[in-house]
Amino acid sequence: DARTVSWIVERRGALWGGEPRWELDESASPAEARHLALDSSAAERDLTWHAGWDLDEALRKVVEWYQAQRRNEDMRGVSMAQIEQFERSF
């Protein structure tokens, strides 16, 4: 699934509960700026790679990690738990 950068930022914001906020820079930008996207299809095709988590789950884990950091949790423990969860996804 190819997703635009704006979709990723919006989804991350929704998962975070609206924080931290962001705003689109409306100043002049390269023509391709409105078309920037995250797309792993070339890796899937050329390397026979597949994601262990879909993009939504990966974003959820990123948000969980940063929220844990903001709560001053044991980040080694949080990281190791997420690695174990990821490894179980295969």
Side-chain angles (χ1 to χ4, degrees):
D1 257 355
R3 297 291 186 165
T4 64
V5 172
S6 62
W7 181 92
I8 292 167
V9 172
E10 290 289 341
R11 182 65 185 134
R12 191 260 327 144
L15 290 168
W16 199 292
E19 293 290 333
R21 299 200 191 303
W22 72 282
E23 65 181 61
L24 181 63
D25 181 357
E26 297 287 351
S27 63
S29 56
E32 69 273 10
R34 296 205 183 275
H35 304 287
L36 295 175
L38 181 64
D39 182 358
S40 61
S41 63
E44 292 170 357
R45 181 187 64 245
D46 299 341
L47 303 173
T48 62
W49 171 87
H50 72 279
W53 289 333
D54 64 18
L55 182 55
D56 197 60
E57 182 66 15
L59 288 172
R60 187 179 315 281
K61 295 299 182 182
V62 168
V63 169
E64 286 175 7
W65 192 94
Y66 278 101
Q67 287 176 332
Q69 184 184 41
R70 289 179 89 181
R71 293 188 300 267
N72 294 316
E73 291 184 23
D74 168 28
M75 294 314 297
R76 183 178 190 286
V78 170
S79 298
M80 295 304 293
Q82 284 191 346
I83 290 168
E84 288 174 18
Q85 293 165 6
F86 179 77
E87 288 176 338
R88 285 195 303 269
S89 70
F90 288 96

Item to complete: Specify the closest pair of heavy atoms between Gly52 and Phe90, including all atoms of both residues, with the distance to one decimal.
Response: CA-CZ, 3.7 Å
Worksheet item: How long is the span from the NZ atom in Lys61 to the CD atom in Glu57, to the nearest 0.5 Å?
Response: 5.0 Å
Response to the item:
d(Arg60 CZ, Leu55 CG) to nearest 0.5 Å is 11.0 Å
Discussion item. Testing the basics here: between Trp65 and Ser79, what is the closest heavy-atom pair and its distance to 0.1 Å?
Written reply: NE1-OG, 2.9 Å
Discussion item. Do Leu59 and Trp53 sit in one hydrophobic cluster, given that two such residues count as connected whenever their side-chain heavy atoms are within less than 4.5 Å of each other, even indirectly?
Written reply: no
Worksheet item: Can you hop from Val63 to Tyr66 via hydrophobic side chains spaced under 4.5 Å?
Response: yes
Worksheet item: Heavy atoms, side chains only, cut-off 4.5 Å: are Glu10 and Trp7 in contact?
Response: no
Discussion item. Is it the case that atom CZ in Arg71 sees more than 12 heavy atoms from other parts of the structure closer than 6.0 Å?
Written reply: yes
Worksheet, complete the sentence: Rounded to the nearest 0.5 Å, the OG1 atom of Thr4 sits from the CG atom of Asp39 at a distance of 11.5 Å
Worksheet entry | Heavy-atom side-chain proximity of Leu15 to Val62 below 4.5 angstrom | no
Item to complete: Give a yes or no on whether Phe86 atom CZ has more than 12 heavy-atom contacts from other residues, nucleotides or ligands under 6.0 Å away.
Response: yes
Discussion item. With heavy-atom distances below 4.5 Å as the criterion, would you say the side chains of Arg3 and Arg11 are in contact?
Written reply: no
